Amino acid sequence: MQQGTTAHGATAGTGVIGVVGAGTMGTGIAQCLAEAGHRVVVVDPAEEALATARARVRDGIRMARLFRGAPSAVSMDEALDAITWTQDLRDLAGARFVLECATERIPLKEKIFRELDEVCPPGAVFATVTSAIPVERLAAQTERPGQVLGMHFMNPAPLKEAVEVARCPETSDATLNTALELLAGIGKHGIVVADGPGFVSNRVLMLTVNEAATVVQQGTADPATVDRIFQECFGHAMGPLATADLIGLDTIVDTLYVLLECTGDDRFQPCALLRQRVEDGHLGRKTGEGFHPYPAHAGIRSPRPR
Ligand code: NAD
């Protein structure tokens, strides 16, 4: 466990908010919570993720303050010190709310939810930030399905105002209200949808990204031209391939496989070019190259095997 933490077993304090996964979304969400004055415990078994996490949050705070311009409730040091980093999920024994932001793999997340259910207090609410996995599959791993919902933050989390909130039939009103209040407290609002593979956002976006990559693969246009069509013709802020680079091409491929498995719809089969980029370690912004080059990058990741 790293600086700012009590010893394991003493719990990291009653009422803390847990974040599982210290990748792109986990660090972004931890930043949002810490800047709003919450104490946060972030769990990630990967040493390489934890090694760079505090620096990535510091960069994220600088960036958010630059873009937002508004004064923050806490200083940079107070925000950074409010986050505890650990490899041990049992350090969430005192958490009242947990946001699960681990890698987009169904068996991995199912295991995490089983473990969270054992470790966390009976009243704790669990939210998954999954891009596509039906929340009820994860809720079914617990003895508290009424206290589980989806909170699909967008990336970069500190700069996005809205969160797609997925409610299962079992999700209680109290759980939904707790989640919406948490969002309000960090300056965001939820848009509530029903549970389902990919919810609204990724059911649509992942097909678009896959088709945009296919267009490049077939030689119809290069990545820059594909994105220009969306920006200059449709007025989108970003094209689909720049969006894919921001999300992470590994996460895109994982999400497409989840959608393929959960819907049985072959349109979600990731195209060869997407799979090749991931195999080559070109994951987008986080590695410095995806469909576009990013010379100044955080460099936190090597490609992971499927
Ligand atoms: P990422 O690859 O950047 O980070 C995932 C992290 O999970 C890694 O640091 C990994 O070490 C960690 N992890 C793996 N196994 C774990 C375990 N057992 N316990 C705790 N941590 C574990 O991925 P990301 O982009 O942050 O995505 C995380 C989740 O958020 C995924 O479900 C993804 O679909 C979703 N999401 C991503 C985006 C995006 O734009 N990247 C947007 C919305 C939602």
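Just so we're clear, the structure is a prediction, and the values are computed from it rather than from any experiment. Note that ligands are numbered from 1 as they come in the structure, with each ligand's atoms numbered from 1 the same way.
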Subset of ligand 1 atoms that lie under 4.0 Å from at least one heavy atom of [X]:
X      : value
Ala46  : 11 (O)
Gly21  : 7 (O), 20 (C), 21 (N)
Lys109 : 31 (C), 32 (O)
Val20  : 19 (N), 20 (C)
Asn155 : 39 (C), 40 (O), 41 (N)
Ala49  : 9 (O)
His152 : 43 (C), 44 (C)
Thr130 : 32 (O)

Checklist entry - Does a side-chain N-to-carboxylate-O contact under 4.0 Å join Glu115 and Lys111? => result yes
Select one of side chain, backbone, both or neither to describe which atoms of [X] lie under 4.0 Å from any atom of ligand 1, heavy atoms only.
X      : result
Thr103 : both
Lys286 : side chain
Ile112 : side chain
Ser131 : both
Val43  : backbone
Met154 : neither

Side chain proximity check, [X] to [Y], heavy atoms < 4.5 angstrom:
X      : Y      : value
Met206 : Ile252 : yes
Leu149 : Cys168 : no
Met151 : Thr128 : no

Assess, by modelled atom type and distance only, whether the side chains of [X] and [Y] contain a donor and an acceptor separated by less than 3.5 Å.
X      : Y      : value
Thr86  : Asp91  : yes
Gln147 : Thr175 : no
Asp227 : His236 : no

Next on the checklist: Could you check whether any heavy atom of Gly248 sits closer than 4.0 Å to an atom of ligand 1, since that is the contact criterion I want to use?
Outcome noted: no
Checklist outcome for this item: Nearest non-hydrogen contact to atom 12 (C) of ligand 1 from the set Asp44, Thr243, Val163, Thr24 belongs to Asp44
Without placing hydrogens or testing angles, list every side-chain donor-acceptor pair under 3.5 Å for residues 182-193, not counting sequence neighbours.
from: Lys188; atom 1: NZ; to: Ala157; atom 2: O; distance (Å): 2.7
from: Lys188; atom 1: NZ; to: Lys160; atom 2: O; distance (Å): 2.7

Item to check | Working for salt bridge (Lys or Arg N to Asp or Glu O under 4.0 Å), residues Asp173 and Arg167 | outcome: CA-CA 10 Å; Asp173 289 343; Arg167 178 180 197 171; 2.5 Å; yes
Item to check | Crowding at CD, Glu78 (>12 non-hydrogen neighbours, <6.0 Å) | outcome: yes
Quick check: does [X] get an N/O under 3.5 Å from an N/O on ligand 1?
X      : answer
Asp250 : no
Ile247 : yes
Met25  : yes

Checklist outcome for this item: side chain to side chain contact (heavy atoms under 4.5 Å, CB included) test vs Pro270 passes for just one of Val253, Thr255, Leu249, namely Val253
Next on the checklist: Under the criterion salt bridge (Lys or Arg N to Asp or Glu O under 4.0 Å), I'd like the reasoning laid out for Arg277 against Asp280: C-alpha separation, chi angles, the key distance, then a yes or no.
Outcome noted: CA-CA 5 Å; Arg277 290 280 149 114; Asp280 293 344; 6.0 Å; no
